[in-house]
Amino acid sequence: MRNISAIDLIFEQSRKGRRGTEFPASDVPEQPLADLIPADQLAANAPKLPELSEPDVVRHFMNLAMLNMSVDTHFYPLGSCTMKHNPRRNETLIATPKLTGLHPYQPESTVQGQLQILFELQEMLAELSGLPGVSLQPAAGAHGELTALLVAVAYLKDRAKRENRPHERNIVLIPDGAHGTNPASAAVAGLKTVEVKSDSDGFVDLDDLRSKLNDRVAVFMITNPNTLGIFEKNIKAICDLVHEAGGLVYLDGANFNAIAGITRPGDFGIDMMHYNVHKTFSTPHGAGGPGSGPIAVSAALTEFLPVPRVIHREENGQKHYSLQYDAPKSIGRVRSFFGSVGVLNRVYCYLRTLGATGVKRMTENAVLNANYLLARVKNHIDVPCGDRCMHEFVASAAKLKAEKGISAMDVAKRLLDYGWHAPTVYFPLIVKEALMIEPTETESKETLDRFADTLVEIINTGAELLHDAPHSTPISRPDEVTAARKPVLKFVG
Ligand SMILES: *Cc1c(COP(=O)(O)O)cnc(C)c1O
């Protein structure tokens, strides 16, 4: 691998007077700056800009871009995140000026095509979940969680009022394997969280759940398949228990890639869920760009969804699409305009091009790829609860650490030297030294084989070489917390 640490900062490459472009001499008489800009608004000194030739600038940014890891350049088995290929046809289809040229304040009559796309997308998502009420508004999975919890509270309050009882449900039950966004969303919604234990096979401990259900419980948030990559076999019983206690069941839909087109959350008892479209439905992922996390809810909860929703009516055989704001029980707005429309249009293209059979095959191949990789590695590294998996599995480096001093972090860091993105590490918290591996359906058998070979090679490497890996990146092991919380992103020279 190239020695990438040799890339200097652009400021270090700067040479006084070097230029990328030369302009012809100006024939306009020069005016004092103070005549153009009020003197009190002029900076005291000119900005310190780097001075370089154009080829050096291009080369600098190309080299920087090549330091990046992305689904386009690397296998990216980041468990729970579903880093699948983004089909380019989606980008091409949505790039038509007929869509990109629209303005959110245009009259409805002039945006019928766009509204039709959003309406049909609501219907497709409802069909996939078996939950009829869809809101496309939330801006990410976590925002979907918050929105759905607010919808749940509005419903429970309304129900208590109808039944002439005080509303006292403010507890959210969350399994110990849950993603951190679940308790965070509950807290933002003003609710209390109580943890529910998993049993030794990785399923929700039903006795523990029973002991924590009471008339204060608003919602049980469950991830299914769970974060160990296994399908919660008691899901129906769990939903029944929560419903008997008067609560609602929320599905964290981050793992929908393992079940979409095969089974429907609404059919196994779920009341509401979110979709991570950047995971399951291949929209671009990461870098904090516009996200989207639609939610779906059961019929009883639909009137509480945020506004606007897209509705349609038929008149003289013609369909008219419109935005519905008139919803007295709605929780109100959660997002400006109509959601992340550019992202939702990509979801629509993805689902329309796959169709019902395509979605099913997507899911089957995601599960097949994960099981193939699991079979290739499980004789070399422990995989608790790893007989079979859904679309991902969680290996544990606990034994490797005890016997050879090799931690999950060592394995993850060393993978970078081989040109692989690392799996998710140290999540879920219920597995010691966790390595959560999700290949997705868009990877070939050859890639999975090469990754498995690398993993086995790393596990059999001496611990010393691993402790200071990676060896091929500009910096090796930053302090993880400081690097995330206090990043130094500007040149101090
Ligand atoms: C990704 C993820 C989330 C949060 O989704 P965002 O779209 O990133 O906000 C929630 N739960 C699980 C299990 C996830 O993997």
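Both counts, for ligands and for their atoms, begin at 1 and track the order of listing.
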Under a heavy-atom criterion of less than 4.0 Å, does Glu145 contact ligand 1? yes
the protein heavy atom lying closest to atom 10 (C) of ligand 1 turns out to be Thr181 OG1, 3.1 Å
side-chain contact (heavy atoms from CB on, under 4.5 Å) test vs Pro439 passes for just one of Phe75, Tyr372, Tyr76, namely Phe75
re atom 8 (O) of ligand 1, the protein heavy-atom contact at minimum distance is His278 NE2, 3.9 Å
shortest atom 5 (O) of ligand 1-to-protein heavy-atom contact is with Asn276 ND2, 2.8 Å
Check your understanding: Is there side-chain contact between Ile381 and Leu400, with heavy atoms separated by less than 4.5 Å?
Key -> yes
Taking only Lys NZ, Arg NE, NH1 and NH2, and the carboxylate oxygens of Asp or Glu, determine whether Arg376 and Asp449 approach each other closer than 4.0 Å. yes
closest protein heavy atom to atom 15 (O) of ligand 1 is Ser80 OG, 2.6 Å
- prompt: Got an N/O contact under 3.5 Å between Asp252 and ligand 1?
  reply: yes
Residue, atom and distance of the protein heavy atom nearest atom 3 (C) of ligand 1 read Lys279 NZ, 3.5 Å
Hey, is Asp410 close enough to Arg477 for a salt bridge, meaning N to O under 4.0 Å? yes
Ala142 heavy atoms within 4.0 Å reach ligand 1 at atoms 5 (O), 6 (P), 9 (O)
Query raised in the report: Does a salt bridge link Glu123 with Arg309, judged by any charged N lying under 4.0 Å from a carboxylate O?
Result: no
| Could Lys212 and Asp205 be called an ion pair, given the rule that one side-chain N must be under 4.0 Å from one carboxylate O? | no
State whether the shortest distance between N or O atoms of Ala140 and N or O atoms of ligand 1 falls below 3.5 angstrom.
no
Asn369/His391 under side chain to side chain donor-acceptor pair (under 3.5 Å): CA gap, chis, key distance, verdict: CA-CA 8 Å; Asn369 271 4; His391 68 313; over 6 Å; no
Any heavy atom of Ala254 under 4.0 Å from ligand 1? The part involved is side chain
